[in-house]
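Take this structure first; my questions come after.
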Amino acid sequence: MGNIRLIRRRIRGVQSISKITKAMEMIAASKMRRTQERGLAGRPYTQKITQVIADLSAVTRGNVAHPLLEVREQPKRVALIHITPDRGLSGGLVGNLNRKAASFMVENGLPTSVVTVGRKGTEFMRRTSQDVVAEFSQLGDKPSMLDTLPISRIVTEDFIAGKVDAVHICYARFVNTMVQTAVVNQLLPVIAPESSDNSALNNMDYIFEPDAETVLNSLLPRFVEMGVYHAVLESIASEQSARMIAMRSATENANELIGDLTLVYNKARQESITTELLDIIGGAAALA
């Protein structure tokens, strides 16, 4: 009977876990659609501002100098913005992000200042004794541009002041509900991509008001701020998607375990009943 009671207790415990993971799956699913919409909605703006900078850089090539465009030939120190969730229970997402950041720092081989966004990344960087210069957490599921401005301003000011020679950002790029990819992209100096349509560019007649330098002074900081904000949105969408999939998998595993334990319980109960019947029959036979 002691074994039967133990199995019954385990079944109740796994059932409780299944209820919790199912509830977390439903919560993550309700948040996932909103975060995915916000993350995907920012892509057209990011792509457009990237294209505008590419066109402007082609038109003003060699004529306009801006601190955010300065490429330093022999960098001595770099900065890394490391974006991770505040909570776990999101499958392998946090581990993939931390491994990606660690791999980047090892391959880069330069002293690295780290700006962490998210408690899990902060814990990892502290545990590995990295140079964490700023920490941000509890941005929530719906951060605004104002919430991420301090992040971009810290790295921008350090880059302009010469404290770091390059800035990279590590985050989870949302691909789809099942796939989230940890990536590291260069944020500073701003490297304008090549224009995708040179013929259209040659036919463009840009008019700068008041001048090209003023336009770039205004546009380039916005580009950096939008890059950080969009990376945060992509990371949140990836987090909710990964958590929903992880909780769904945990619920399925719990239900499978409940089935296995129920089978073991029934067998143990059957053996117990059979043993009791044999004892009764044996006792009756002895009396006879």
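Position 1 is the first residue of the sequence; numbering continues from there.
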Practice task
Please determine, by modelled atom types, if T21 and E25 share a side-chain donor-acceptor pair under 3.5 angstrom.
Solution key: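 The answer is no; no qualifying pair exists.
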Problem - Exam field: side chain R243 to backbone G88, donor-acceptor pair closer than 3.5 Å - result: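 The answer is yes, because a donor-acceptor pair under 3.5 Å joins these two groups.
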Exercise for the section: Check whether any side-chain N or O of T128 sits under 3.5 Å from a backbone N or O of F124 as a donor-acceptor pair, and report yes or no. Expected result: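 Yes.
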Exercise for the section: Determine whether V117 and I81 make a side-chain contact, defined as any pair of heavy atoms from C-beta on separated by less than 4.5 Å. Expected result: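 Yes, close enough: below the 4.5 Å cut-off.
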Exercise for the section: Output yes when a side-chain donor or acceptor of S30 lies under 3.5 Å from a complementary backbone atom of I27, and no otherwise. Expected result: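 Between the backbone of I27 and the side chain of S30 there is a qualifying donor-acceptor contact (under 3.5 Å).
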Practice task
Measure the CD-CG distance between E73 and D165 for me, rounded to the nearest 0.5 Å.
Solution key: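 If I round to the nearest 0.5 Å, the distance is 11.5 Å.
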Handout entry: Note, L187 side chain near V224 side chain (heavy atom, < 4.5 Å)
Key =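 With C-beta onward as the side chain, the pair touches.
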Practice task
Drop me the distance from K22's NZ to E252's CD, to the nearest 0.5 angstrom.
Solution key: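 One gets 8.5 Å once the value is rounded to the nearest 0.5 Å.
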Handout entry: Pair V264-T262, side chain to side chain contact (heavy atoms under 4.5 Å, CB included): steps then yes or no
Key = CA-CA 5 Å; V264 173; T262 302; over 6 Å; no
Problem - Heavy-atom side-chain contact between M125 and E135 under 4.5 Å - result: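 With C-beta onward as the side chain, the pair stays apart.
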Handout entry: Shortest non-hydrogen separation from I236 to G140 and the atoms involved
Key =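 In terms of heavy atoms, the two residues are closest at CD1-O, 3.4 Å.
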Practice task
Rounded to the nearest 0.5 Å, what's the gap from OG on S235 to CZ on F174? Could you check?
Solution key: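 CZ of F174 is found 12.0 Å from OG of S235.
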Handout entry: Closest approach of L80 to V184 (non-hydrogen atoms, all atoms of both residues)
Key =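 Smallest interatomic distance, heavy atoms only, reads CD1-CG1, 4.5 Å.
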Exercise for the section: Locate the shortest heavy-atom distance separating P189 from Q186; write the atom from each residue and the value. Expected result: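 The pair with the smallest heavy-atom distance is O-NE2, 3.0 Å.
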Exercise for the section: Mark yes or no: R72 above the aromatic ring of F159, with NZ or CZ under 6.0 Å from the six-membered ring centre and no more than 45 degrees from the axis. Expected result: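 Yes, a cation-pi geometry holds between R72 and F159.
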Exercise for the section: Quick one: do M32 and T177 satisfy side chain to side chain contact (heavy atoms under 4.5 Å, CB included)? Show the steps, please. Expected result: CA-CA 9 Å; M32 181 187 67; T177 303; 3.6 Å; yes
Problem - Closest contact, heavy atoms only, A182 versus K100 - result: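 Nearest heavy atoms, A182 then K100: O-CE, 3.6 Å.
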Practice task
Please confirm whether the backbone N or O of G13 pairs with a side-chain atom of Q15, one donor and one acceptor, at under 3.5 Å?
Solution key: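 A pair under 3.5 Å: no.
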Practice task
Given side chain to side chain donor-acceptor pair (under 3.5 Å), test H168 with N108 step by step and report yes or no.
Solution key: CA-CA 11 Å; H168 294 77; N108 190 49; 6.0 Å; no
Handout entry: Heavy-atom closest pair, residues P85 and S90
Key =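 Taking P85 first and S90 second, the nearest heavy atoms are CG-OG, 4.5 Å.
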Practice task
First locate atom CE of M226, then atom OG of S152, and finally report the distance between them rounded to the nearest 0.5 Å.
Solution key: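 Here the interatomic distance stands at 11.5 Å.
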Practice task
Indicate yes or no: does R127 engage E123 in a salt bridge with an N to O separation below 4.0 Å.
Solution key: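 Looking at E123 together with R127, the answer is no, because their closest N to O distance does not fall below 4.0 Å.
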Practice task
Mind checking the CD-CZ spacing from E225 to R153? Nearest 0.5 Å is all I need.
Solution key: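 Answer rounded to 0.5 Å: 6.0 Å.
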Handout entry: Donor on one side chain, acceptor on other, D147 and Y229, under 3.5 Å
Key =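 No, no side-chain donor-acceptor contact under 3.5 Å.
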Practice task
Would you kindly confirm whether V78 and V183 end up in one hydrophobic cluster when ILVMFWY residues are joined by side chain heavy atoms under 4.5 Å apart?
Solution key: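 Result: no, two separate clusters.
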Practice task
With the side chain counted from C-beta on, respond yes when V190 and F223 share a heavy-atom pair under 4.5 Å apart, and no when they do not.
Solution key: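 Side-chain contact under 4.5 Å: yes.
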Exercise for the section: Decide whether R269 and N266 meet the rule of one side-chain donor and one side-chain acceptor closer than 3.5 Å. Expected result: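 No donor-acceptor contact under 3.5 Å links the two side chains.
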Exercise for the section: Answer whether the closest heavy-atom distance between the side chains of K31 and E239 falls below 4.5 Å. Expected result: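 A side-chain contact is absent here, since even the closest heavy-atom pair is not under 4.5 Å.
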Exercise for the section: Tell me whether V164 is reachable from F104 by hopping between hydrophobic residues (I, L, V, M, F, W, Y) whose side-chain heavy atoms are closer than 4.5 Å. Expected result: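 Different hydrophobic clusters.
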Problem - Same cluster (ILVMFWY, side-chain, under 4.5 Å), L89 and L93 - result: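 Looking at the clustering, L93 is in a separate group from L89.
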Exercise for the section: Verify the neighbour count for atom CE of M145: are there more than 12 heavy atoms of other residues, nucleotides or ligands below 6.0 Å? Expected result: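 Yes, because the 6.0 Å sphere around CE of M145 holds more than 12 heavy atoms from other groups.
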Practice task
Mind checking the CD-CD1 spacing from E271 to I4? Nearest 0.5 Å is all I need.
Solution key: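 Taking CD in E271 and CD1 in I4, the distance rounds to 8.5 Å.
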Problem - Close side-chain approach of E234 and Q180, heavy atoms under 4.5 Å - result: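 Answer no - side chains too far apart.
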Practice task
Indicate yes or no: at least one non-hydrogen side-chain atom of V94 is less than 4.5 angstrom from one of L97.
Solution key: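 Not in contact.
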Problem - Working for side chain to side chain contact (heavy atoms under 4.5 Å, CB included), residues D131 and V114 - result: CA-CA 6 Å; D131 182 16; V114 184; 5.8 Å; no
Problem - Closest non-hydrogen atom pair, N255 against S18 - result: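 Heavy atoms of N255 and S18 come nearest at OD1-OG, 3.0 Å.
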Problem - R77 and S113 side chains, donor-acceptor separation under 3.5 Å - result: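 Their side chains do contain a donor-acceptor pair, which is all the 3.5 Å distance test asks for.
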Handout entry: Transitive ILVMFWY side-chain link V175 to L233, under 4.5 Å
Key =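 Different clusters.
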Handout entry: Criterion side chain to side chain contact (heavy atoms under 4.5 Å, CB included) on R99 and N96, from CA distance to verdict
Key = CA-CA 5 Å; R99 281 192 294 270; N96 292 337; 2.6 Å; yes
Practice task
Following the transitive rule for hydrophobic clusters with a side-chain heavy-atom cut-off under 4.5 Å over Ile, Leu, Val, Met, Phe, Trp and Tyr, establish whether M247 and I17 coincide in one cluster.
Solution key: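 M247 and I17: separate clusters.
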Handout entry: Heavy-atom side-chain contact between K76 and L110 under 4.5 Å
Key =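 Not touching, per the 4.5 Å side-chain cut-off.
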Handout entry: No-hydrogen, no-angle side-chain donor-acceptor test under 3.5 Å, S137 and D86
Key =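 D86 and S137 do not have a side-chain donor-acceptor pair below 3.5 Å.
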